[in-house]
Amino acid sequence: MDKITGHLHPISLILDQIIQFSRPYGFTVAEGQEIETEEYNFDKLNVATDHPSRDEHDTFYVTGGGLLRTHTSPMQIRYLANNNPPVRLLVPGRVYRNEATDSTHNHTFYQLEGLVIDESVSLAQLTSYLHSLMNHLFNRPMSVRFRPSYFPFVEPGLELDIKDKHGRYVEVLGAGMVHPNVLKNMELDPNIYQGFAFGVGLERLINLISGVDDVRQHFH
């Protein structure tokens with residue numbers, strides 16, 4: 001009988017690359033639960049009660065209460081409940097969005113959350129880490145730009161763009177400095193501690209690296 005061999009899924013490969021790159025920076029890895037509460041998915045992350053992401057057309061609510069997490073960010077709060085700063089954390093996992101499926105969106109995808117909390121954390125540290133990560137993943141010096149953006153759980157917020165093979169800038173991920181309200185929900189004093197966070201969709205990252213232009217080609 002011929003020997004049957006297999007290979008790792010591209011999502012596993014890109015995740016391992018990011019983890020191995022980040023370990024010298026002191027990052028550890030933790031995974032969270034896929035069924036979350038509104039408190040951890042929204043409230044403790046400074047998402048307003050009337051924010052549209054809470055609506056059923058954006059979020060899958062489950063019978064008996066709870067929801068399918070829309071991001072891996074709830075682990076920010078859960079991890080800090082049992083761990084003291086300094087914290088350098090990566091949180092990978094599946095997330096769910098109630099949205100139409102097309103070449104750039106899917107209702108289920110893999111996200112990686114990054115979080116750093118310490119007494120001296122700066123926006124410059126965040127941008128330097130992300131630029132170095134892009135250079136590593138694309139295996140060449142990358143032209144990047146950072147644009148101001150809004151996310152409820154960071155202030156200031158920004159988006160990272162990279163220049164593609166056509167010379168156009170395309171968005172890769174969202175990031176920013178952890179909002180003081182989120183630090184307070186971690187029971188940390190924002191006058192002492194600062195932090196940065198970022199979230200990236202792994203399928204989108206794979207597509208940009210490989211040149212695949214449809215996220216639906218990634219099977220879970």
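Because the structure is a prediction, the values reported are computed rather than measured. In this chain, numbering begins with 1 at the start of the sequence shown.
- Atoms OH and CD1, on Y110 and I206 in that order, are 10.5 Å from each other to the nearest 0.5 Å.
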Intermediate values then yes/no, side-chain hydrogen bond (donor to acceptor under 3.5 Å, both in side chains), E113 and Q76: CA-CA 9 Å; E113 174 91 4; Q76 289 188 20; 2.5 Å; yes
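- Within a 6.0 Å radius of CD in Q20, other residues, nucleotides and ligands contribute more than 12 heavy atoms.
- The closest donor-acceptor contact from the side chain of H71 to the backbone of N41 lies under 3.5 Å.
- In this structure, L89 and F27 approach most closely via the heavy-atom pair N-CD2, 3.5 Å.
- The existence of a salt bridge linking D118 and R88 is confirmed by a sub-4.0 Å separation between a basic side-chain nitrogen and an acidic carboxylate oxygen.
- Atom CD1 in I14 sits 4.5 Å away from atom CD in Q17 (nearest 0.5 Å).
- Judged by distance alone, the side chain of H131 and the main-chain N or O of R145 form no donor-acceptor pair under 3.5 Å.
- Inspection of the E155 and Y150 side chains reveals no N or O donor paired with an N or O acceptor under 3.5 Å.
- Rounding to the nearest 0.5 Å places CG of L202 at 8.5 Å from CD of Q111.
- Between the CD1 atom of I209 and the CG atom of N139 there is a distance of 10.0 Å, given to the nearest 0.5 Å.
- For the pair E36 and F42, the minimum side-chain heavy-atom distance is 4.5 Å or more.
- How far CE of M186 is from OH of Y79: 12.0 Å, rounded to the nearest 0.5 Å.
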**Asked** So L130 and F198, side chain to side chain contact (heavy atoms under 4.5 Å, CB included) or not? Walk me through it.
**Response** CA-CA 9 Å; L130 291 176; F198 65 90; 4.0 Å; yes
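- Taking 4.5 Å as the limit, some side-chain heavy atom of V170 sits within range of a side-chain heavy atom of R204.
- P74 and L45 get closest at one heavy-atom pair: N-CD1, 3.9 Å.
- Residues satisfying the salt bridge (Lys or Arg N to Asp or Glu O under 4.0 Å) criterion with R23, sequence neighbours excluded, are absent altogether.
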- Item | Full working for side chain to side chain contact (heavy atoms under 4.5 Å, CB included) between L208 and V172 | CA-CA 8 Å; L208 291 169; V172 180; 3.8 Å; yes
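- The backbone N or O of N181 sits less than 3.5 Å from a side-chain atom of H179, completing a donor-acceptor pair.
- Within 6.0 Å of CG on D189 lie more than 12 heavy atoms contributed by other residues, nucleotides or ligands.
- Counting heavy atoms from C-beta on, the side chains of Y193 and V178 never come closer than 4.5 Å.
- Relative ring orientation between Y25 and F21 is described as tilted, the plane-to-plane angle lying within the 30° to 60° band.
- In this structure, the side chains of I19 and L90 come closer than 4.5 Å at one or more pairs of heavy atoms.
- Proximity of R78 to Q33: side-chain heavy atoms (C-beta onward) are separated by under 4.5 Å at one or more points.
- Remark: the backbone N or O of L173 is paired with a side-chain donor or acceptor of E171 at under 3.5 angstrom.
- Checked for salt-bridge contact, D161 and R147 meet the test: a charged N lies under 4.0 Å from a carboxylate O.
- Side chain to side chain, S143 and Y169 meet the donor-acceptor criterion of an N or O pair below 3.5 Å.
- Counting all heavy atoms, side chain and backbone alike, H51 lies closest to P152 at NE2-CG, 4.0 Å.
- Under the 4.5 Å side-chain contact rule for hydrophobic residues, V154 and F196 do not share a cluster.
- Scanning all heavy atoms of the two residues, the minimum distance from P180 to P190 falls at CB-CB, 4.0 Å.
- Transitive grouping of hydrophobic side chains (ILVMFWY, heavy atoms separated by less than 4.5 Å) brings I117 and I192 into a common cluster.
- I162 and L112 fall within a single hydrophobic cluster, where Ile, Leu, Val, Met, Phe, Trp and Tyr side chains are chained together by heavy-atom contacts under 4.5 Å.
- Between the side chain of R54 and the main chain of V47, a donor-acceptor pair closer than 3.5 Å is present.
- Residues T108 and R94 have side chains in contact (heavy-atom distance under 4.5 Å, counting atoms from C-beta outward).
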Show, in sequence, the C-alpha distance, side-chain angles and deciding distance for E159 and F146, and conclude whether the side chain to side chain contact (heavy atoms under 4.5 Å, CB included) test is met. CA-CA 6 Å; E159 289 185 342; F146 294 94; over 6 Å; no
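- When all heavy atoms of L123 and P156 are compared, the pair lying nearest together is CD2-CG, 4.5 Å.
- Put simply, the side chain of L80 reaches to within 4.5 Å of the side chain of L115, judged on heavy atoms.
- By the criterion of side-chain heavy atoms lying less than 4.5 angstrom apart, applied directly or through intervening Ile, Leu, Val, Met, Phe, Trp or Tyr residues, L160 is grouped together with L133 in one hydrophobic cluster.
- For E38 and K44, the salt-bridge test fails: no basic side-chain N is under 4.0 Å from an acidic carboxylate O.
- Linking ILVMFWY residues whenever their side-chain heavy atoms come closer than 4.5 Å, directly or via other members, places L205 and Y129 in the same cluster.
- Residues I77 and V182 are in side-chain contact: their nearest non-hydrogen atoms beyond the backbone lie under 4.5 Å apart.
- Formation of a donor-acceptor pair under 3.5 Å by the T127 side chain with backbone atoms of A124 is found in this model.
- By the neighbour-count criterion of 12 heavy atoms within 6.0 Å, atom CD1 of I35 is sparsely surrounded, having that number or fewer from other residues, nucleotides or ligands.
- In this structure, T59 contributes its side chain and S53 its backbone to a donor-acceptor pair below 3.5 Å.
- Here the straight-line distance linking atom CG of L188 with atom CD of Q194 works out to 10.5 Å at 0.5 Å rounding.
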Before giving the answer on side chain to side chain contact (heavy atoms under 4.5 Å, CB included), spell out for L158 and S149 the whole-Å C-alpha distance, their side-chain angles and the decisive distance to 0.1 Å.
CA-CA 4 Å; L158 55 85; S149 190; 5.5 Å; no
